[in-house]
Amino acid sequence: MKRKLITVAAWFLCLGGVASAHRLDECLQAMLVTVEQDHVHTSMRLIPGVAVSAAVIADIDRNGDGVLSMGERQAYAERVLGDWSLTVDGNRLTPRLVSMEFPQIDQIREGLGEIHLEFTADLPKGGRNRRLILENHRQDPNTAYMVNALVPHDNNIQIVGQKRNELQSFYQLDYIQTDVAAPTGWWDQVGGTGFASLFRLGVRHIAEGTDHLLFLLALLLPAPLLVVGSRWSGVVSARQSLLRILKIVTAFTVGHSITLALAAMGVVSVPSRPIEVLIAVSILVSAFHALRPLFPGREAGIAAFFGLIHGLAFAATLSELGLGQWERVVGILAFNLGIETMQLFVVAVTLPSLLLLSRTRAYPAFRVGGALFAGVAAVGWIAERLFGLHGPVDLWVNAVAHHALWVAGALFLVSLVCWRSWNIDRRAATVALDPCGYPA
Amino acid sequence: MNSFPMRTIRICAWAVVLWMSVTVAAQQTATTKIVSAANAFLATLDAKQRKSVMYAYDDETQRAKWSNFPTGFVPRGGISLRDMTPAQRKAAMTLVAATLSHRGLEKVEQIMEGDEVNKIQEAKNQGNRPQGGPPQGAQQGPPQDGQQGPPPGGRGGRPPFGGGGLSADLFGKDLYYISILGTPSAKTPWMLQFGGHHLALNITIAGDQGILTPTLTGAQPALYTLDGKTVRPLGQESDKGFALLQALDDTQKKQAVLSYKLADLVLGPGQDGKTIVPEGLKATAMNEKQKAMLLDVISEWAGIVHESAASARMAQLKADLNETWFSWSGPTTVTPGNNITAYYRIQGPHLVIEYAPQTLGGDASLHVHTMYRDPTNDYGRGLAKQ
């Protein structure tokens, strides 16, 4: 009874004063992650501060009877779990609740209650280098997150890196499974998760590697155009444009596939920094070419040449994974297929707009705008990669890239509108072309 | 001719024996002094009090029963200074003092004094402000089962709302509890616990060894004025940590300063026996001067325990230095004369130090929790394995 009185007293007291210095308005979610050979274990402590404790209690005690029934606890734990996603090497895992511990409802109310949840997820077999990502999708502004990895018990697991966003609602853990045996047959690889995840990695590499895309898109900008003197002028037929684009994309693919294979197999080895700088230079070159023809008719050759350089960068991504020799052959195939798929997707999405727009008066403005965007981004990247100068380049390139589908959709709509209103009948102006699509 | 070297050898041998016995005597002095202080303290208690203070050495529940919270929220074991006679209180503080270094004792006294200041401030607030809210939920002792009654030897015969008003039940320099696990001995291990709001000293005495881990120190207010003098109980921790950060070059800083916020202690109360993956800047990337500064920051915790135990501990941590990491999260600036508002952590094979300002609600420079651990030897557990 006395304890209760004191508690009540404490309550009122705190209403008066402690507020000035104590945290009240937050729920702390502290997680400790343990990686084992075949599963990941996460232990979570949920500590609701007093100001949010009533809301937390209401969230658990859904029927409001003042009792946290087993069913309510279970449902709450599942909801908390549902706020998080857990992936390994890009594959979504399904964690299951293995234990939960709830304090007395009064303790939660007082801000003294710690809810303990433990969950485990099985890990599919994978390569030597693995990446675990734990991400909260609720991002409750009243919650502070803390995520840490415990030092693994298993000596064969070496943690090599941890990354978090500022709020710790995103957590990435990279580790090496040092005892992973080489795969036995290629079917295991092709059919296994390794293939799928490397394919996805290839897709993601292009989707997120805006520099590769910017190079290709800048190179495609003048593809539907004619050269008159030292300027872009006039337009070639749709068929010719398509043919040129196909050639450029194929040349780029051939180029980067060659070096990707060579570098990933360890035949050639180039430090990554100059490669990154050269990639930025390649964007600058293709952006300039979109402004004024530098190498008309030789775009495919240029694409192949710079493709060789881009391939070396792709290989760097692949070599970070530390695959074995045989894994590597299959890995290169899967990774490259992922790259091609994403690249084709991007070209397929932008191609119609490009063809339509090129037949309107708006195209010169669009071409110049696009070229300037790519050029400025390239200069920014060069400065960053060469001198370590950090500008806003990544920020705004990513801003565009993050809304890529919307941008592409808007572009298509704009080009439709432009095409309807400003369609120039170029047929009369079409000049006799050589087989490469340039004026004979 | 022969007798000369013989005599020299004999003198040297005596000198060695003398030196060793002096050393051994000095080491024994610390432990034996503590043991006799413990026995003297126990002798002042009546049978009932003694029963409340003494626990079995293997009592894991009592061992882990410490917290940063006021004792009114999370009850501690043992008996409080408030429930002692002046003579008992003096004996208790003599025991605590015997286990600590001079500056360790000073820190402890300033933390306790700070809680007294807190009590007075809270009592004032109580009169003035009827609104606000109860304390935060973060960081507390081990999970409470809700069935613990009032602390043993508790508030016998005292009206619950008497004394300095409501805050008297939560704060004040007399609300610190003492308990002993095992029997005070110069040979077999035993443990002394002393703590309350923002303080948890867990001192394992094992022969000539004195193990202070895990220990929590904290302060609120972390800056106050007493007799016209400004006191910052954990000011050195703040200043030395910040000085180390300042001494790093840009590349080192980039590694040391973490990109994310840390809301609280990662390995606070209830988190015994856990080792997290270290982050930040490894001391191998520091120059000699920076390494010396790092060791100096560490000494603020490692030097709380009495001198001979502290120097053994410092030697161990110095040997570990190249495997030790320093990380920082939060503002990299400080208002002169104030405490930092950033979190920092020092972690090595035998060490975890966390300095965690409580960032939300109020001024983070005025409220700090710190943690000092040895993941391999918290509560002297490593001794059993040897």
Side-chain angles (χ1 to χ4, degrees), chain A residues 2-3 5-7 9-28 30 32 43 45-53 101 103-114 116 144-152 159 162-168 171 173, chain B residues 69-70 72-75 118 121-140 143-146 148-150 154-155 160-161 165-167 169-170 220-221 258-264 266 270-271 274-279 358-363 366-367 375:
Chain A
K2 191 177 281 172
R3 160 94 181 114
L5 269 178
I6 288 164
T7 305
W11 236 102
F12 282 108
L13 164 73
C14 292
L15 288 172
V18 187
S20 58
H22 276 266
R23 169 168 58 214
L24 311 161
D25 49 357
E26 272 195 331
C27 182
L28 182 70
L32 291 172
S43 134
R45 290 184 297 139
L46 283 149
I47 311 158
V50 161
V52 295
S53 68
E101 232 177 273
Q104 301 286 314
I105 199 163
D106 289 341
Q107 287 180 308
I108 302 180
R109 192 169 290 126
E110 289 164 25
L112 297 171
E114 253 189 49
H116 289 193
Y145 304 99
M146 292 203 304
V147 191
N148 276 281
L150 289 180
V151 172
I159 308 280
Q162 300 179 83
K163 270 188 196 155
R164 303 163 179 83
N165 63 357
E166 199 191 356
L167 296 173
Q168 300 203 54
Y171 175 76
L173 178 70
Chain B
F69 270 125
F73 288 127
V74 178
N118 197 25
Q121 284 181 357
E122 292 301 336
K124 261 189 223 154
N125 287 340
Q126 177 60 28
N128 299 341
R129 262 187 314 158
Q131 299 225 324
Q136 66 170 47
Q139 302 299 342
Q140 62 177 78
Q144 304 288 318
D145 58 19
Q148 290 144 346
R155 307 167 173 84
F161 304 121
L166 293 180
S167 68
D169 273 320
L170 282 177
Q220 184 198 10
L258 305 173
S259 62
Y260 55 90
K261 286 185 195 168
L262 267 150
D264 226 312
V266 176
Q271 301 302 302
K274 291 170 181 168
T275 309
I276 58 171
V277 175
E279 287 181 281
Q358 302 301 294
T359 45
L360 292 164
D363 184 344
L366 290 181
H367 187 183

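The model shown is predicted, which means the values in this text are computed figures rather than measured ones. Convention: sequence-line order gives letters A, B, ...; per-chain numbering from 1.
In terms of heavy-atom proximity, R45(A) sits nearest to V266(B) at NH2-O, 3.9 Å. Nearest approach of S259(B) to R164(A), heavy atoms of both residues: OG-O, 3.7 Å. Nearest heavy-atom pair, M146(A) versus A263(B), reported as atom, atom and distance to 0.1 Å: SD-N, 4.2 Å. Pairing each heavy atom of Y260(B) with each of N165(A), the nearest pair is CB-O, 3.3 Å.
Under the 3.5 Å distance criterion, the side-chain polar atoms of Q168(A) are left unmatched by any main-chain donor or acceptor of L262(B).
Both the backbone and the side chain of A149(A) come within contact range of chain B, with heavy atoms under 4.5 Å apart. Looking at I276(B), both its backbone and its side chain come within 4.5 Å of chain A, counting heavy atoms on both sides. I159(A) touches chain B through its side chain: at least one heavy atom from C-beta onward sits under 4.5 Å away, while N, CA, C and O do not.
Here the CD-CG distance, from Q271(B) to L32(A), works out to 6.0 Å after rounding to the nearest 0.5 Å.
No more than 12 heavy atoms of other residues, nucleotides or ligands shown are found within 6.0 angstrom of NZ on K261(B).
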